[in-house]
Amino acid sequence: MKNMEMKIEGSTLTITVDLSKDFGESKSGKSIVIGSSEGNISIPDNDDIKIGLNVYRKKA
C-alpha cells in the first residue's frame, strides 16, 4: 500500500490518506498518484472483504 491506512472500529472501516503526499506520475502519465492499495487487498482481520483504492489528481 502507498500512503493508505485502514482501521476497523466495530462495523466501520476508516481509510486515511495523506493528501499532501505525491508518488509521481501514474502509468498513463495523465495524473499524479497520491495513494493506492496497489490492487485489491483484504481489509484488516477479514479476508472475505476486499478493497481496491486509487487516489490521484489531474496532472497540471
Side-chain angles (χ1 to χ4, degrees):
M1 293 188 304
K2 285 183 185 171
N3 188 30
M4 178 182 157
E5 233 177 83
M6 292 189 289
K7 178 173 57 171
I8 295 178
E9 293 180 23
S11 61
T12 301
L13 171 66
T14 302
I15 301 166
T16 305
V17 177
D18 181 349
L19 298 177
S20 70
K21 302 243 177 170
D22 178 327
F23 290 93
E25 290 185 355
S26 63
K27 289 181 186 177
S28 71
K30 295 179 182 179
S31 57
I32 303 297
V33 177
I34 296 171
S36 178
S37 63
E38 300 180 305
N40 296 330
I41 58 172
S42 298
I43 65 167
D45 302 323
N46 195 328
D47 288 337
D48 292 336
I49 300 175
K50 308 287 185 188
I51 186 168
L53 178 74
N54 291 306
V55 182
Y56 59 92
R57 70 173 186 274
K58 273 188 160 181
K59 194 174 166 185

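Quick caveat: nothing in here was measured; it's all calculated off a predicted structure. Quick note: numbers below take in every heavy atom, side chains included, and nothing from hydrogens, waters or symmetry partners.
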J.: How many angstroms lie between atom CG of Leu19 and atom CZ of Arg57, to the nearest 0.5 angstrom?
T.: 10.0 Å
J.: Among Ile41, Ile15, Asn40, find the one that has a side-chain contact (heavy atoms from CB on, under 4.5 Å) with Leu53.
T.: Ile15
J.: Under 4.5 Å between side-chain heavy atoms, counting indirect links through other Ile/Leu/Val/Met/Phe/Trp/Tyr residues: same cluster for Ile51 and Tyr56 or not?
T.: no
J.: Can you pull out every salt bridge (charged side-chain N to carboxylate O under 4.0 Å, His left out) where at least one residue sits in residues 34-51? Sequence neighbours excluded, please.
T.: Lys2-Glu38
J.: Sequence neighbours left out, what passes side chain to side chain donor-acceptor pair (under 3.5 Å) with Ser37? Give chain and number order.
T.: none
J.: Please list all pairs meeting salt bridge (charged side-chain N to carboxylate O under 4.0 Å, His left out) that have one or both residues in residues 4-13, counting only residues at least two apart or in different chains.
T.: Lys7-Glu9
J.: Taking all atoms of both residues into account, what is the closest heavy-atom pair of Asp18 and Asn3, and its distance?
T.: O-ND2, 2.7 Å
J.: Find out whether Val55 and Met4 are in side-chain contact, i.e. whether some heavy atom of one side chain is under 4.5 Å from a heavy atom of the other.
T.: no
J.: To the nearest 0.5 Å, what is the distance between CD1 on Ile49 and CD1 on Ile8?
T.: 7.0 Å
J.: Please check if Val17 and Met6 belong to a single hydrophobic cluster, counting links between Ile, Leu, Val, Met, Phe, Trp and Tyr side chain heavy atoms closer than 4.5 Å.
T.: yes
